[in-house]
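Comments concern the structure below.
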Amino acid sequence: MRGTDTVAVLAELIPVAHGVDERIDWAEVEASWGTRFPSDYVRFMAVYGAGAISDGISILLPSLQADGYPYTDGPGLRDETENARETWEMCGDDADFDVDPESIVAWGVTAGADIYCWVTTDDDPDRWPVLICGRHTSPEMQLHPLGMAEFLHKLLSDEAFREDTISVTLEEEVSFVNWRNA
């Protein structure tokens, strides 16, 4: 269940009323990063944009590695990617899997300082798994063979999965607020 269709499934859980199309120049962002981005992330940015899910999970804006952000407000993927790579360097030895820190790209953070990332080792971005660099998750480092939207859907709809993958309590009623409306 990967790809742009997962955003439609996710929309069954997260109302799109407060979403804003970011109108991202993907060619420019992808040239800056040297890779394409997963189609579910691209679609998420078109439907919802960057912002907060249930006041606990922030989905980050794409950023240009060399030139800064395409937007002037808020942190983007670049800053949190640096944080995730440093976190992996400090805590990755405790994981039961190995990841090259340079393959880590962050796409979200939680209010509890968890960082949600992709591991970009596959040539097809739609097959990038989700890496959790958690603060108080069990275990702290987790690798899930799910796309971003599929991961979010499972996180929001599966209480047992949520207990191990997020260190904050989410509001019972799922919501989304774009960063412009926060």
Inset, instruction - List the atom of Ser167, the atom of His136, and the distance in Å for their closest heavy-atom pair. - result: CB-CB, 3.7 Å
Legend entry - is_close_aromatic(Phe151, Phe161), centroid dist under 6.0 Å: yes
Inset, instruction - Without swapping roles, check the side chain of Asp126 against the backbone of Ser39 for a donor-acceptor pair under 3.5 Å. - result: yes
Legend entry - Minimal non-hydrogen separation, Ala106 against Thr81, with atom names: N-OG1, 2.9 Å
Inset, instruction - Linking directly or through intermediates, with side-chain heavy atoms under 4.5 Å: list the remaining ILVMFWY members grouped with Trp88, chain and number order. - result: Phe97, Val99, Ile104, Val119, Leu131, Met141, Leu143
Legend entry - Straight-line distance of Asp79 CG to Glu82 CD, nearest 0.5 Å: 6.0 Å
Legend entry - Closest non-hydrogen atom pair between Glu140 and Arg135, with its separation: OE2-O, 3.3 Å
Legend entry - Residue pairs passing the salt bridge (Lys or Arg N to Asp or Glu O under 4.0 Å) test where at least one lies in residues 102-122, sequence neighbours excluded: Arg85-Glu102, Asp122-Arg127
Inset, instruction - Quick one: do His144 and Thr165 satisfy side chain to side chain contact (heavy atoms under 4.5 Å, CB included)? Show the steps, please. - result: CA-CA 10 Å; His144 297 277; Thr165 55; 3.7 Å; yes
Inset, instruction - Examine Val109 and Leu170 and state if one hydrophobic cluster contains both, with Ile, Leu, Val, Met, Phe, Trp and Tyr joined whenever side-chain heavy atoms are less than 4.5 Å apart. - result: yes
Inset, instruction - With the side chain counted from C-beta on, respond yes when Trp107 and Phe37 share a heavy-atom pair under 4.5 Å apart, and no when they do not. - result: no
Inset, instruction - Could you grab the distance from atom CD of Glu173 to atom CG of Leu13, nearest 0.5 Å is fine? - result: 12.0 Å
Inset, instruction - Just do the side chain to side chain contact (heavy atoms under 4.5 Å, CB included) check on Arg36 and Asp124 with the steps written out, would you? - result: CA-CA 8 Å; Arg36 290 185 349 255; Asp124 181 354; 3.9 Å; yes
Legend entry - Path from Val177 to Tyr116 over hydrophobic side-chain contacts below 4.5 Å: no
Inset, instruction - Check whether any side-chain heavy atom of Asp21 sits under 4.5 Å from a side-chain heavy atom of Val47, and report yes or no. - result: no
Inset, instruction - Give a yes or no on whether the backbone of Glu28 and the side-chain of Ser32 come within a donor-acceptor separation of less than 3.5 Å. - result: no
Inset, instruction - Please tell me if the side chains of Trp118 and Leu77 come closer than 4.5 Å, counting only heavy atoms from C-beta onward. - result: yes
Legend entry - 4.5 Å side-chain heavy-atom contact, Thr87 and Ile115: yes
Inset, instruction - Give a yes or no on whether Arg162 atom CZ has more than 12 heavy-atom contacts from other residues, nucleotides or ligands under 6.0 Å away. - result: yes
Legend entry - Which atom of Pro145 lies closest to which atom of Pro129, heavy atoms considered: CA-CB, 4.1 Å
Inset, instruction - Grab the two heavy atoms, one from Pro62 and one from Ile24, that are nearest each other, plus how far apart they are. - result: CG-CD1, 3.4 Å
Inset, instruction - With the side chain counted from C-beta on, respond yes when Asn181 and Val20 share a heavy-atom pair under 4.5 Å apart, and no when they do not. - result: yes
Legend entry - Glu159 atom CD, neighbour heavy-atom count above 12 within 6.0 Å: no
Inset, instruction - Please check if Leu155 and Val174 belong to a single hydrophobic cluster, counting links between Ile, Leu, Val, Met, Phe, Trp and Tyr side chain heavy atoms closer than 4.5 Å. - result: yes
Inset, instruction - Would you check, one step at a time, whether the test side chain to side chain contact (heavy atoms under 4.5 Å, CB included) holds for Phe44 with Glu22? - result: CA-CA 10 Å; Phe44 191 96; Glu22 297 292 352; over 6 Å; no
Inset, instruction - Decide yes or no for Thr6 and Met148: does some side-chain heavy atom of the first lie under 4.5 Å from some side-chain heavy atom of the second? - result: no
Legend entry - Donor + acceptor pair across side chains of Asn83, Glu86 (<3.5 Å): no
Inset, instruction - Kindly give the heavy-atom pair with the smallest separation between Cys117 and Cys133, and that separation in Å. - result: SG-SG, 4.3 Å
Inset, instruction - Show the numbers, then the answer: is there a side chain to side chain contact (heavy atoms under 4.5 Å, CB included) between Val105 and Trp33? - result: CA-CA 10 Å; Val105 174; Trp33 283 84; 3.9 Å; yes
Inset, instruction - Side-chain contact test, heavy atoms from C-beta onward, threshold under 4.5 Å: evaluate it for Leu146 versus His153 and give yes or no. - result: no
Legend entry - Distance, nearest 0.5 Å, that separates CG of Leu156 from CD of Glu171: 11.5 Å
Inset, instruction - Measure from the ring center of Trp26 to the ring center of Tyr41 and say whether it is less than 6.0 Å. - result: yes
N/O donor-acceptor pairs under 3.5 Å from side chains in residues 50-61, not counting sequence neighbours:
{"residue": "Ser54", "atom": "OG", "partner": "Ser175", "partner atom": "N", "Å": "3.2"}

